[in-house]
2 protein chains.
Amino acid sequence: MSREGQTSQPKYLRIAAELRGALERGDYQPGDRLPGENTLAADFDVAPLTMRQALGVLRSEGLVGSRKGSGWFVESFRPIRRRGIPRLARGQWGSGKTIWSADDHRAPDVDQITVQEDTPPPEHISDVFELAPGETVCVRSRRYVMEGRPVMVAESYLPQSLVAGSPITQADTGPGGIYARLADLGHAPARFREEIRVRMPSAEEAARLAIPADRSVIKLARTAFDSEGRAVEINEMTMDSATYVLDYEFDA
Amino acid sequence: MSREGQTSQPKYLRIAAELRGALERGDYQPGDRLPGENTLAADFDVAPLTMRQALGVLRSEGLVGSRKGSGWFVESFRPIRRRGIPRLARGQWGSGKTIWSADDHRAPDVDQITVQEDTPPPEHISDVFELAPGETVCVRSRRYVMEGRPVMVAESYLPQSLVAGSPITQADTGPGGIYARLADLGHAPARFREEIRVRMPSAEEAARLAIPADRSVIKLARTAFDSEGRAVEINEMTMDSATYVLDYEFDA
DNA sequence: CAGTGGTCTAGACCACCAA
DNA sequence: TGGTGGTCTAGACCACTGC
């Protein structure tokens, strides 16, 4: 190997840094196709596999994506801001600049929606609901897309005994959505808990979100409690970690 | 290649799944050393590079780690729960089971701490503070460790003009910490905003947190506003994404 | 059908660690 | 000093895409 890198940084990292700079300078526009692996490998004077390694770094960062048989493409990073706590009083705080600029005004559309009644729940769900053995749940599954691209899948779990026969078991829950219907049933959500963790996607999650296997996902589990402290809904969301900025605002 | 896998899943993923199962079954205990790459490659009857690829999957998931010249080791996943919103009234909600179990009672220790006064701020910081050109900030940098392992680094930015000469510029800020001292100065925090995003670590961040380059980090930026709506502190935290569960609890 | 990315092999050299 | 993981090379075959 050449002795030039006195800092002894690996080739693939130096190439990745060089390409990252080119992308940030705007040498390639979002959606543009990059030269093929072999062409790039010749340009940078490395073996194809080393070139792949460099491109893989940028892919895991969300800067580029690859389509088999087609090529490498520049991805646009326009994060979506999700407000965890609905802003009630829009006062002086609304004007403050945020750390990471993100489109506030776009909201994803629902792409797919399925409802399954009378399903045996996963263990961690029945634990939180404190269900008796054999009790089942209703599962509402939705996928959200933005500009044609899947960005989030969400699965809502509700105790079957609570929602049987209500509009919650229909695809269209009517005005106000699930929470309004829970209120109709006398279990209006009074408090929420949101738990966030990050991990690598399963093969199914990666396919459903159309993200590479080496891009991590955010798991956000939102539990709704009624006024008596009973957990009445759990919404488990899975998001592409490269497209979301989460936002929580609260008083001291 | 053998034709056995009718689902045509790549070898490295099948091997990763097999090893993952062995880890979850407890065949190896946290801290245990795995057989060497070459041994494993022979066991699974694949080329060493393919074996590496499989191990890399598990490493990015946080299940194993590697030390050059030493071997591959099983990592323990005991997530730390960080409560974003201090629980004021510990009522009926406290008893509810959570989705992801995590140690609530452990708190990381501060490992390193440095204070730099009169520093020119990064652009995104001066934007939020709405500083005039040339205005400087005070930067408090801390690293947190748990059981000897770095888990988070945090950098607090405060407007220099606000804190000059106060205990905030000392390593030890006294009882109550920064926020108590800000209150002494007449700028008690009244409201907070926390912004969360996920990305791959820079080389420096990976080194400071002692995590592999392919493990993502959580960036959490906490902005504190005083009662007049002025941003008085920004705390930018960087955490190992595999060791934290974030938690927010709030009323509807 | 030609070109693309995805996977896999069989080598090689290096830096680092532990005995 | 021998074994380890980290990097790199030069091939190969495959599945998929788009013309």
Side-chain angles (χ1 to χ4, degrees), chain A residues 1-17 19 31-60 63-75 203 206-207 210-215, chain B residues 1-17 19 31-60 63-75 203 206-207 210-215:
Chain A
M1 184 187 317
S2 66
R3 73 184 64 248
E4 34 176 312
Q6 55 269 65
T7 57
S8 85
Q9 209 188 12
K11 279 186 183 179
Y12 74 95
L13 285 183
R14 286 194 287 113
I15 294 175
L19 275 177
D32 279 4
R33 182 181 173 280
L34 298 179
E37 290 178 358
N38 295 325
T39 310
L40 284 170
D43 288 354
F44 285 103
D45 194 30
V46 292
L49 193 63
T50 305
M51 192 65 227
R52 271 189 76 72
Q53 212 177 347
L55 288 165
V57 172
L58 301 182
R59 177 171 54 192
S60 71
L63 296 175
V64 302
S66 62
R67 288 200 284 277
K68 193 198 284 198
S70 175
W72 292 81
F73 298 84
V74 181
E75 305 236 338
I211 58 172
D214 54 8
R215 176 113 90 255
Chain B
M1 183 188 317
S2 66
R3 71 186 66 247
E4 33 174 314
Q6 56 270 67
T7 58
S8 84
Q9 208 190 12
K11 279 186 184 180
Y12 74 94
L13 286 182
R14 285 193 287 112
I15 294 174
L19 275 177
D32 279 3
R33 183 182 172 280
L34 297 180
E37 289 177 0
N38 295 325
T39 310
L40 284 170
D43 288 353
F44 286 101
D45 193 30
V46 291
L49 194 63
T50 304
M51 193 64 227
R52 270 190 76 73
Q53 212 176 347
L55 289 165
V57 171
L58 301 183
R59 176 172 54 192
S60 71
L63 296 176
V64 303
S66 62
R67 290 201 284 277
K68 193 198 287 197
S70 176
W72 292 82
F73 298 85
V74 181
E75 305 236 338
I211 57 173
D214 54 7
R215 173 112 92 256

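Just so you know, these numbers use all the heavy atoms, side chains as well, and skip hydrogens, waters and symmetry mates. Order of the sequence lines fixes the chain letters, A, B, ..., with proteins taken first and strands second; residue numbering starts at 1 for each chain.
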Nearest-Å distance, CD (A:Gln53) to C1' (D:dT7)?
7 Å
Between A:Ile15 and A:Ala54 the two heavy atoms that sit nearest each other are CG2-CB, 3.8 Å
To the nearest angstrom, the CD-P distance between B:Gln9 and C:dT7 comes to 11 Å
Any side-chain N or O of B:Arg14 less than 4.0 Å from the OP1 or OP2 oxygen of C:dC8?
no
For B:Ile211 and B:Arg215, the nearest pair of non-hydrogen atoms, with its separation, is CD1-O, 3.8 Å
Residue B:Glu37, side-chain atoms from C-beta onward, closest of C:dG5, D:dG6, D:dT9:
D:dG6
For the student: nearest non-hydrogen atoms of A:Ala41 and A:Pro48, plus distance:
CB-CA, 3.8 Å
In this structure, how many angstroms lie between the P atom of D:dT17 and the CZ atom of A:Arg33, rounded?
14 Å
Counting side-chain heavy atoms from CB outward, which of C:dC8, D:dG5, C:dT4 is closest to B:Arg52?
D:dG5
With the side chain counted from C-beta on, respond yes when B:Leu55 and B:Leu19 share a heavy-atom pair under 4.5 Å apart, and no when they do not.
yes
Mind calculating the distance between CG (A:Asp214) and P (C:dG5) to the nearest angstrom?
16 Å
Tell me the interatomic distance from A:Leu40, atom CG, to C:dG3, atom C1', rounded to whole angstroms.
14 Å
Between B:Leu49 and A:Leu49, does a side-chain contact (heavy atoms from CB on, under 4.5 Å) hold up when you go through it step by step?
CA-CA 12 Å; B:Leu49 194 63; A:Leu49 193 63; 3.9 Å; yes
Protein within reach of the bases, or only the backbone? For nucleotides 13-19 of chain C, mark each nucleotide 5' to 3' as B, S or -, using heavy atoms under 4.0 Å.
---BB--
Looking at every non-hydrogen atom in both residues, tell me the closest pair between A:Pro35 and A:Leu40 and how far apart they are.
O-CD1, 3.4 Å
Whichever of A:Pro48 and B:Trp72 has its nearest DNA chain D nucleotide further upstream toward 5'
B:Trp72
C:dT4 OP1/OP2 closer than 4.0 Å to side-chain N/O of A:Ser66
no
Nearest-Å distance, CG (A:Leu13) to P (D:dT7)?
7 Å
Between A:Arg59 (side chain only) and A:Trp72 (backbone N and O only), is there a donor and an acceptor less than 3.5 Å apart?
no
Spacing between B:Met51 atom CE and C:dT7 atom P, to the nearest angstrom:
16 Å
Atom CG of B:Leu58 to atom C1' of D:dG5: distance rounded to whole Å?
16 Å
Using OP1 and OP2 only, check whether a side-chain N or O of A:Lys11 sits under 4.0 Å from D:dG6.
no
5′-ward residue of the pair B:Thr39/B:Leu49 relative to DNA chain D
B:Thr39
Would you please confirm or rule out a distance under 4.0 Å between OP1 or OP2 of C:dT7 and any side-chain N or O of B:Tyr12?
yes
